[in-house]
Amino acid sequence: MGQGETGQGRAAALLAVTALVWSTGGVAIKLVPLSPMAVTGGRSLLAALTLYVLFRGRLDFRPTRPFVCAALGYAGLLVTNVAATKLTTAANAILLAYTAPVYVALFAPLVLKEPTRPADWAFVAASVGGMALFFLDQLSPEGLWGNLLAVGTGVSYAVFTLAMRAGRDGSPVSAVVAGHLLTAAAGLPFLLAGPPRSAEASLGLAYLGVVQQGLSLALYVWCIKRLRALTAICVMTLEPVLNPLFVALGCGELPGRFAVAGGIVVIGAALLRAVFPSRRAVGG
């Protein structure tokens, strides 16, 4: 095995570790006994501090329009994801967030002047059908709001993606740190009003901020530079698979059968959309 293949294998293994760490977010959020805004505020403050220490000297906070939009999109992603995880099942929260490519396909022609291909519209149709399945389960009012917030996570992720694509010279890590700072500013008043009252809650919040968001992103940035896009996409699908599993084991929460079916449709459509363009590119 050549040195390049060894490096690819190491990067793929470490990216799998990243996906594993990210997938623990659902159970950790469920188990921290704080309000959604308190959790997201504390987590983001710790994450921003961790990322600043790791990437200081390489961050660029110039307030260009793409940078501001990316930071706002990432902040929206953080807030809606935590709130959705608290209000609905972790499976719904993570899998509905994976509908982000739908909104990218819809708005890329307008924002980026990039045409949406017929294959993209087929993906959009499949994903929308999968998304609808999530709402066929018996939902409490809180669960319905959680599902709607999870859709908002997908929209926010699409805003972040489109903005970073529009500002091609910008640093995604800088926008992520700015998004965490915005989220911390919004959430810290809630954390101060209802701080952790146990060591377990404090440790859970520290884990979410320092490890699950901070260190894992640094590892992701290192890995993504060393892997083919298709490899990275396939490895990262571990996150939406493992996230509900960890919540089921840690909290006894099981997704509904329609949510499972919808998740299979959404993730399957996303993988197919990634695989076929990559194969065409390789084949010339």
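- Distance check: M236 CE to T18 OG1 gives 6.5 Å after rounding to the nearest 0.5 Å.
- Other residues, nucleotides and ligands contribute over 12 non-hydrogen atoms within 6.0 Å of the CZ atom of F55.
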Q: Show the numbers, then the answer: is there a side-chain contact (heavy atoms from CB on, under 4.5 Å) between R165 and V104?
A: CA-CA 10 Å; R165 177 74 176 164; V104 172; over 6 Å; no
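- In the hydrophobic clustering of ILVMFWY residues, with side-chain heavy atoms under 4.5 Å counting as a link, V221 and F160 come out together.
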Q) Going through the checks in order, is the side-chain contact (heavy atoms from CB on, under 4.5 Å) test met by L191 and L34? A) CA-CA 8 Å; L191 182 63; L34 298 172; 4.0 Å; yes
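- Atoms CG and CZ, from N147 and F135 in turn, are 4.5 Å apart once rounded to the nearest 0.5 Å.
- In terms of heavy atoms, L205 sits closest to G42 at CD2-CA, 4.1 Å.
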Q: Given side-chain contact (heavy atoms from CB on, under 4.5 Å), test L215 with L219 step by step and report yes or no.
A: CA-CA 6 Å; L215 296 177; L219 187 58; over 6 Å; no
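- Using modelled atom types, one side-chain atom of R56 and one backbone atom of V53 make a donor-acceptor pair closer than 3.5 Å.
- No side-chain donor-acceptor contact under 3.5 Å links K86 to the backbone of M37.
- Listed for the T88 side chain is no donor-acceptor partner under 3.5 Å among the backbone atoms of A84.
- In terms of heavy atoms, A218 sits closest to L54 at CB-CD1, 3.7 Å.
- Atoms CG and CG, on L245 and L254 in that order, are 10.0 Å from each other to the nearest 0.5 Å.
- Among all heavy-atom pairs drawn from G25 and Q212, the shortest one is CA-NE2, 3.7 Å.
- Between the CG atom in L77 and the CG atom in L72 there is a gap of 12.5 Å [rounded to 0.5 Å].
- Connection of I224 to L217 is established within a shared hydrophobic cluster, with ILVMFWY side chains joined at heavy-atom distances below 4.5 Å, either directly or through further cluster members.
- Taken to the nearest 0.5 Å, the OG1 atom of T183 stands 9.0 Å off from the OH atom of Y74.
- A donor-acceptor pair under 3.5 Å is absent between the side-chain atoms of N92 and the main chain of G146, judged by distance alone.
- Within a 6.0 Å radius of OH in Y207, more than 12 heavy atoms belonging to other residues, nucleotides or ligands are found.
- Hydrophobic clustering, with ILVMFWY side chains joined whenever heavy atoms are under 4.5 angstrom apart, keeps V128 apart from V260.
- Other residues, nucleotides and ligands contribute at most 12 non-hydrogen atoms within 6.0 Å of the OH atom of Y157.
- No more than 12 heavy-atom neighbours from other residues, nucleotides or ligands sit within 6.0 angstrom of OH on Y52.
- The nearest pair of heavy atoms linking P240 to I94 is CA-CG1, 4.0 Å.
- Taken from CG in L46 to CD in Q213, the straight-line distance is 11.0 Å, to the nearest 0.5 Å.
- Under 3.5 Å, the side chains of N81 and T153 contain no donor-acceptor pair of N or O atoms.
- T40 places no side-chain N or O within 3.5 Å of a backbone atom of P36 that could act as its donor or acceptor partner.
- A continuous path of ILVMFWY side-chain contacts below 4.5 Å connects F61 to V176, so both sit in one hydrophobic cluster.
- Heavy-atom minimum distance, R58 versus S174: O-OG, 4.2 Å.
- E253 places no side-chain N or O within 3.5 Å of a backbone atom of A248 that could act as its donor or acceptor partner.
- In this structure, the side chain of T99 does not engage the main chain of L95 through any donor-acceptor pair within 3.5 Å.
- Under a 3.5 Å cut-off, the side chain of T24 and the backbone N or O of V21 do form a donor-acceptor pair.
- F246 approaches S23 most closely through the heavy-atom pair CE1-OG, 3.2 Å.
- Note on L31: it clusters hydrophobically with L20, by side-chain heavy-atom contacts below 4.5 Å among ILVMFWY residues.
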